[in-house]
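Structure record follows, encoded as structure tokens.
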Amino acid sequence: MTDDSDDVRVFDGVRLERVREHVWEIPRDGEMGVPARVFASEQLLEQIADDKTLQQLRNATHLPGIVGRAICMPDGHQGYGFPVGGVGAMDAETGCISPGAIGYDINCGVRMMRTNLTYDDVVGREAELVDALFANVPSGLGGGGIVEGDRDTIEGVLARGIDWALEHGYAVEDDLAHCEDEGMRPDADPDAVSQKAKDRGKNQIGSLGSGNHFLEVQRVTDIYRPEVAAEFGLEPDQIVVLIHCGSRGLGHQVCSDYLRRIEQEHGDLLERLPDKELAAAPAGSELAEEYYGAMCAAINFAWVNRQLIMHRTRQVFERVFDRDWQAMEMELLYDVAHNIGKKEVHEVDVDADGRPASSGEAVAREQRELYVHRKGATRAFPAGRAEVPAAYRDVGQPIIIPGSMGAGSYVLRGGERSLSRSFGSTAHGAGRTMSRTQAKNEFWGETVQNELRDQEKIYVKAQSGATVAEEAPGVYKDVDEVVRVSDDLGIGDKVARTYPVCNIKG
DNA sequence: ATGTTC
């Protein structure tokens, strides 16, 4: 259903007004704390409107203490309570923290490692390389990781993140310097993580998992901003490795545990929300602090997970190419989360009493500490922001946007307008267009693999053919268009594009 | 995403 006007769209009762090219607003009404905005082209907006994403976005504006706007990125789709591709910032004093607005897979994210190999070094050896990676990097559902964790191991991983990996020889100092938050959230509270969550995680440290998680060897095909690409150490034909995974069963259990506790202990707040899946702990409550501490511990777990997989990948390349990883310059470019909640300071509208205000009552702008929820959204801080690591502070934070295994991926950098438009955030991937069930009806894993190999020279190896069918290139939105919107809005600027060579997955 | 169903 579409309104007559070019500048208004109505989907299933949700009305959006075009603010400018690629920006659509759901204006605030009586029930909403703030307006909501969707960043999308016409085509992507139609896809976003195809499920409950817009209703979920509007629902999110009811969360207590939400400031500015609720945002849906161009790759947005329906999630648990809150859209995947959603950003919501709640005041850290008067607002709330919502596990459903962070996601079950806490610190699901992506890291990219450079090499000094070129595509010519790998051509003809793809099958050997993909087999070696598949044999050495644990993947699939269930247990079995690179490290078998005893009690001290899991406690150290949760408390110290990549510092733990450094202490145990799985990382070098330079890895820490090229990771969001240097791979460690000091706010982590391992005591707030249940024994059940620890038990699920302890034999999964260093494992890819299943679903859309993967390890991919790629070649750089396009450079869009040569001066930034040079700072990132990227050039055409270079081989890079992309690792996409999260906190496995541990993060999932943390999310489940706290959703249940919030429902039990803050039923009053729950009753005022339009969807119980948005369950939130009030800022300042004991439970909000406990969840934040547990969530930060799960963040640390995921960083160690990706670090161990990268470490193992270096060892595999050493054997396959018969050189030290240092000689192949296998250095971490960056590791960035896309399911995460963090206390960050941003400029917001405040009323005469200095409290966060909606636009009507605002008298000033002020720096406030917020719980920034990014669920299927990537931090995209521009040059100059203190949290950007020293290596990139003058150019902006690297952003890694994985595409499907047939479409390649992008490296962006934090855009000048990300702080004013999206609390320093952009998209996180291509986003699905069909369910996993539908994908398995449309595609057959082995056929997908054969076509990718024979037509595109992409070598895929997976635990399960069903997973390949679920992740077939045809089930994803057009990642090129997602990135075009980000670049056009100035929230994440295109730097380089990569194309798959070898892919392993669950 | 996920010991693929609390």
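Lettering of chains follows the sequences in order, A, B, ..., and the numbering in each one begins at 1.
- Across all strands, S210(A) comes closer than 4.0 Å only to sugar-phosphate atoms, never to a base (heavy-atom distances).
- Taking the centre and axis of the six-membered ring of F381(A), the NZ or CZ atom of R385(A) falls inside the cone set by 45° and 6.0 Å.
- Computed from coordinates, the L208(A) CG to dT2(B) C1' distance equals 15 Å when rounded to whole Å.
- Residue contacts shown for K196(A) include a base, since a base heavy atom lies under 4.0 Å away.
- Per the geometry, CD1 belonging to I102(A) stands 18 Å off C1' belonging to dT2(B), to the nearest Å.
- Nucleic acid contact class of G211(A) (heavy atoms, under 4.0 Å, all strands): sugar-phosphate only.
- Q253(A) places its CD atom 15 Å from the P atom of dT5(B), with the value rounded to the nearest Å.
- Taking the ring axis of Y292(A) as reference, the NZ or CZ atom of K343(A) stays within 45° of it and closer than 6.0 Å to the ring centre.
- Residue-level contact check: Q204(A) touches the backbone only, with heavy atoms under 4.0 Å from sugar-phosphate atoms and none from bases.
- Atom CD in E277(A) sits about 14 Å away from atom P in dC6(B), given to the nearest Å.
- Atoms CD (Q463(A)) and P (dT4(B)) sit 16 Å apart, rounded to a whole Å.
- With rounding to whole Å, E470(A) atom CD is found 9 Å from dT4(B) atom C1'.
- Between dT2(B) and R248(A), a contact under 4.0 Å exists linking OP1 or OP2 to a side-chain N or O.
- Side-chain atoms of H62(A) and D275(A) form no donor-acceptor pair, as typed in the model, at a separation below 3.5 Å.
- Under the 6.0 Å distance and 45° angle rule, R432(A) counts as a cation-pi partner of Y476(A).
- A straight line from NE2 of H213(A) to P of dT2(B) spans 6 Å, rounded to a whole angstrom.
- Note: CG (N305(A)) to C1' (dT2(B)) measures 14 Å, nearest angstrom.
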